[in-house]
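We count residues from 1, following the sequence as given.
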Amino acid sequence: FVRITLKEIKKIIFEELLESMFASSRSKPYELSGHTWEKGDVLYYFTTDQDKGGLKYKVKFEEDNSWDEYRVWEISFNLTDRKQYDTTMKFDSRVLPTVFEAIKKFVRIGNEIASTEDEVYITFFGTPGKKDKGDTETKRTRLYKRFLPKGTKVIEDDDNNVTFAIDRDI
């Protein structure tokens, strides 16, 4: 007999709920712009549904020069208009699938990012939220990791800084 707390049950239910919401929306990412280059970074843009405010996001891939053995790109995404930041608290289950769609497009541009390897190395940082404590893995990091395809080779997993290799054929 295993004893489980109410807090643990709520966490399991919440994570399952998120998983089912994202699973049902994975096939419906927002439309991405074609990639553009800006100071060596690769950028994609997308706008959420107009009936929900039409928020404009930027997905940015910036080369991380701190690695010796791999050419690693750091991914980040945010709103392009800082005045809209308070509106991101409204949950939109299509944003993360759109970001993952940007990753798929990014790894397919191949020679444009001067990578001759079969894999592209990407890193992300799961920014701590208000309720996250200490140096442990954040809810955001756990959520982002759920979007990695099964079998993804994780190169480094240091709490909230995760670097992974993704095959160009995804």
*Which atoms form the tightest heavy-atom contact between Tyr30 and Thr47, and what is the distance?*
CD2-O, 3.6 Å

*asked:* Ring centroids only, cut at 6.0 angstrom: are Phe106 and Trp73 within range, meaning strictly under it?
replied: yes

_Those residues that, when tested against Asp157, pass salt bridge (charged side-chain N to carboxylate O under 4.0 Å, His left out) (two or more places apart)_ = Lys145

*How many angstroms lie between atom NZ of Lys153 and atom CD1 of Ile166, to the nearest 0.5 angstrom?*
12.0 Å

*Applying side-chain contact (heavy atoms from CB on, under 4.5 Å), run through Val162 and Tyr144 and close with a yes or a no.*
CA-CA 10 Å; Val162 178; Tyr144 293 171; over 6 Å; no

*To the nearest 0.5 Å, tell me how far Asp41 CG sits from His35 NE2.*
13.0 Å

*When rounded to the nearest 0.5 angstrom, what distance separates CZ in Arg140 from CG in Leu96?*
9.5 Å

_Looking at every non-hydrogen atom in both residues, tell me the closest pair between Arg71 and Tyr121 and how far apart they are._
O-CB, 3.6 Å

*asked:* Check for me, please, whether Leu43 and Phe46 land in the same ILVMFWY cluster - side-chain distances under 4.5 Å, paths through other members count.
replied: no

_Would you say that Tyr45 contacts Leu32 through its side chain, given a criterion of any heavy-atom pair below 4.5 Å between the two side chains?_
no

*Compare all side-chain heavy atoms of Val99 with those of Ile75 and state whether any distance is below 4.5 angstrom.*
yes

*Any side-chain heavy-atom pair from Lys58 and Asn78 closer than 4.5 angstrom?*
yes

_Is any side-chain heavy atom of Lys105 closer than 4.5 Å to one of Tyr44?_
yes

*Kindly compute the distance separating OG1 (Thr36) from NZ (Lys60), expressed to the nearest 0.5 Å.*
11.0 Å

_Student check: side-chain heavy atoms of Ile122 and Phe61 closer than 4.5 Å_ = yes

*Which residues share a salt bridge (charged side-chain N to carboxylate O under 4.0 Å, His left out) with Glu156, sequence neighbours left out*: none

*Might you work through the side-chain contact (heavy atoms from CB on, under 4.5 Å) test for Glu62 and Asp64, ending with a clear yes or no?*
CA-CA 6 Å; Glu62 178 180 9; Asp64 178 352; over 6 Å; no

*Whichever hydrophobic residues join Phe125 through chains of side-chain contacts under 4.5 Å*: none

*Flag the pair Phe164 / Ile155 as yes when at least one side-chain heavy-atom distance between them is below 4.5 Å, and no otherwise.*
no

*Which heavy atom of Pro29 sits nearest a heavy atom of Arg94, and at what distance?*
O-NH2, 3.7 Å

*asked:* Could you tell me if the side chain of Thr163 sits less than 4.5 Å from the side chain of Phe124, heavy atoms only?
replied: no

*Does a side-chain heavy-atom distance below 4.5 Å link Trp37 with Val42?*
yes

*List the atom of Thr152, the atom of Ala165, and the distance in Å for their closest heavy-atom pair.*
CG2-O, 3.5 Å

*Donor-acceptor side-chain pairing of Asn160 and Thr141 below 3.5 angstrom*: yes

